[in-house]
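Inspection log for the structure reproduced underneath, given as structure tokens.
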Amino acid sequence: MISSRLWSRCRPIAEQCRDHPFVQGIASGRLERPAFQHYVAQDAFFLEAFARAYALCVARAPDRESMRAFKGLLDAVDDELELHRSYAERWEVDLVGAPAEATSAYTDFLLRVASLESPAHAAAAMAPCMRLYAWLGQQLKPVALRDSPYYEWVETYSSDEFDAYAAALEALVDRLAGDEAALYSHYSTAMRLELAFFESSLASR
Amino acid sequence: MSLTTATLIERNAELWDAATRHEFLDRVRDGTLPVAALSRWMEQDYLFVAGLTRAWGRLLVGAPPADFRLIAAGIGAFSDELGWFEERAASLAVRLDREPLPEASTYIKDLADLATRPYAVAITGLWAVEVAYLDAWQGASGGDERFSDVVEHWANAEFAAFVAELAVVVDHELAASPEHHRAAEDAFAAVLSHEALFWGLAGLD
């Protein structure tokens with residue numbers, strides 16, 4: 001399957017994300033609060049762009065089945081946005097600020113691909129976020145401290161429900177397919193942008 | 001005079017009547033419509049709903065996040081609507097592989113363009129599609145039982161509630177952006193003109 005090959009080829013970047021002090025700090029609970037607050041605020045910008053990119057995929061889907069699948073994923077990200085709002089409130093995060101450079105780089109990339117390229121390319125650019133977060137959640141779950149203030153993050157992304165969304169998007173990558181070199185280019189770009197997103201949150205302290 | 005959903009309808013009364021009253025609807029209500037005419041119209045409407053779903057995908061791209069859920073609900077409803085056509089296609093002799101007639105294809109193309117206009121303009125035009133459709137089918141309800149299940153499908157309380165919720169958003173957008181009033185009214189009028197022509201696709205004339 002294309003999606004599993006793309007993931008395997010990018011596995012070293014996924015491991016860098018897992019071992020990143022920001023992610024490790026979530027598991028250990030030692031992450032400083034301002035870094036997490038910055039991350040939550042930036043994630044709101046990211047999720048909004050993600051929803052817009054899915055909506056563009058609905059608009060440009062090549063057939064009914066993929067239109068339905070993108071619509072299901074759009075609903076899921078809408079739910080995540082809702083969850084995010086209550087999360088932000090609890091963490092006393094101001095969602096009014098501006099996107100950081102690492103956030104804009106990522107959202108601009110996603111929206112450019114979703115606007116100008118095929119839905120297959122958009123799916124390849126969007127899949128890393130879903131699969132990476134599901135994988136990070138699953139990797140951290142057995143080692144994360146239950147009393148880490150960030151344990152809810154680990155629970156959200158290690159859930160079967162989130163894994164199913166990642167799988168649904170990967171199924172679209174596999175079904176829509178296309179030139180694998182181009183798909184890899186987008187997939188690996190998104191993976192690097194994920195790493196930069198964690199880096200930027202840590203640097204914000 | 002401020003522009004609202006109510007004043008848009010009042011100020012364009014003639015277009016409103018043309019868009020919402022038609023011999024096709026009268027004959028649905030009194031049960032004298034030939035089934036072949038309903039089938040012809042439904043074949044074009046199926047293509048239209050597919051285009052409408054895509055247009056709503058584009059609408060979300062320019063929407064404020066607070067409206068994401070409503071727009072996603074719209075996309076979901078239209079997507080379900082396509083499924084409803086597919087279920088009934090065989091029993092009503094509706095072919096789902098027709099080419100759009102010129103009136104339908106122009107309307108679909110105009111909606112795709114409209115959806116990318118400033119949000120206040122786009123949401124006004126896309127609300128116009130729904131409110132005219134609802135009013136037209138409400139006018140066709142309560143008559144002969146022959147087509148009552150079809151009429152009820154398009155004139156039900158859930159759809160009416162969705163249209164009402166949409167009107168709240170349109171009123172909010174119009175109040176916030178007087179600079180778009182002229183374009184919004186033009187979009188409203190253009191949609192009604194398309195709607196008026198669309199009933200003719202049943203081929204009664």
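All chains are named by letter (A, B, ...) in the order of the sequence lines, taking the proteins before the strands, and each is independently numbered beginning at 1. All figures in this text were calculated on a predicted structure; none of them were measured in a lab.
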Answer yes or no: does atom CZ of A:R30 have more than 12 heavy-atom neighbours from other residues, nucleotides or ligands under 6.0 Å? no
Would you indicate whether A:R11, at its atom CZ, is surrounded by more than 12 heavy atoms from other residues, nucleotides or ligands within a distance under 6.0 Å? yes
In Å, rounded to the nearest 0.5 Å, how long is the span from CZ of B:R69 to CG of A:D75? 7.5 Å
Would you indicate whether A:R146, at its atom CZ, is surrounded by more than 12 heavy atoms from other residues, nucleotides or ligands within a distance under 6.0 Å? no
Is the number of heavy atoms from other residues, nucleotides or ligands under 6.0 Å of A:D160 CG greater than 12? no
If you count heavy atoms of other groups shown closer than 6.0 angstrom to CD of A:E161, is the number above 12? no
Any chance you could measure A:D79, atom CG, to B:F68, atom CZ, to the nearest 0.5 Å? 13.5 Å
Is it true that, when you exclude B:E86 itself, more than 12 heavy atoms of the residues, nucleotides or ligands shown sit nearer than 6.0 Å to its CD? yes
With a 4.0 Å cut-off on N to O distance, would you call A:R68 and B:D80 a salt bridge? no
Most heavy-atom pairs under 4.5 Å with chain A, out of B:A115, B:G57, B:A73, belong to B:G57
Answer yes or no: are there more than 12 heavy-atom neighbours, outside B:H172 itself, under 6.0 Å from its atom NE2? no
Just verifying a value: how many Å separate B:R58 CZ and A:S115 OG, rounded to the nearest 0.5 Å? 9.0 Å
Which portion of A:R64 sits near chain B, non-hydrogen atoms under 4.5 angstrom: side chain
Which region of A:A61, side chain (C-beta onward) or backbone (N, CA, C, O), has a non-hydrogen atom less than 4.5 Å from a non-hydrogen atom of chain B, or is it both or neither? both
Are B:P64 and A:E48 packed together at the side-chain level, in the sense that at least one heavy-atom pair is separated by less than 4.5 angstrom? no
Top of A:V58, A:D78, A:L56 for chain B proximity - count of heavy-atom pairs under 4.5 angstrom: A:D78
Do B:L60 and A:L74 come within less than 4.5 Å of each other through their side chains, counting heavy atoms only? yes
What distance separates B:I75 CD1 from A:M67 CE, expressed to the nearest 0.5 Å? 9.0 Å
